[in-house]
Amino acid sequence: ALPADAPVAVTDGRAVVDACPNALRLGARVGQSVARAQRCTPGLLALPADTLDPRPGAAAFRDRFADLSPVVEPAGDDALFVDLEGCPDG
């Protein structure tokens, strides 16, 4: 298992397309080449996007909103539509 503070970046094979906060703090940047990100960020773990399965995390994320609204629908691969009409202003 990875340490909780491990710097992790998601890549498209050539460039960083996303990175965790710790990787960004250490110097990785979205759009940077993977080679440059690895030079700038000690211990960076570069994960190819096509090897990751977002479904378990997406389902958990969607389920969190189900407590707020009876209407929670996918809106693309990385977004949700949540109807908050009638919700209190918390």
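This one's a predicted model, so the numbers in the text were calculated from it and none came from an experiment.
- When all heavy atoms are compared, the tightest approach of P7 to P42 is CG-O, 3.6 Å.
- Linking Ile, Leu, Val, Met, Phe, Trp and Tyr residues whenever their side-chain heavy atoms come within less than 4.5 Å leaves V8 and V30 in two separate clusters.
- Between C20 and A6, the closest heavy-atom pair is SG-O, 3.7 Å.
- Partners of L80 according to the side chain to side chain contact (heavy atoms under 4.5 Å, CB included) rule, which considers only residues two or more places apart in sequence or in another chain, are F61, R62, F65, V72, V82.
- For the residue pair A46 and P48, the shortest heavy atom distance occurs at O-CD, 3.8 Å.
- By the side chain to side chain contact (heavy atoms under 4.5 Å, CB included) test, P21 pairs with no residue at all, sequence neighbours left out.
- Grouped with F81 in one hydrophobic cluster are V71, the linkage being side-chain heavy-atom contacts under 4.5 Å among Ile, Leu, Val, Met, Phe, Trp and Tyr residues.
- Screening residues 34-44 for side chain to side chain donor-acceptor pair (under 3.5 Å) gives no qualifying pairs among residues at least two apart or on separate chains.
- Under a hydrophobic-cluster definition in which Ile, Leu, Val, Met, Phe, Trp and Tyr are linked whenever side-chain heavy atoms come within less than 4.5 Å, directly or via other members, L47 and V34 are assigned to different clusters.
- Considering only residues two or more places apart in sequence or on other chains, A9 meets the side chain to side chain contact (heavy atoms under 4.5 Å, CB included) condition with V16, A19, L44.
- Identified under the side chain to side chain donor-acceptor pair (under 3.5 Å) test for residues 12-32, with sequence neighbours left out: N22-R25.
- Proximity of a side-chain donor or acceptor of S69 to a complementary backbone N or O of D83 within less than 3.5 Å is detected.
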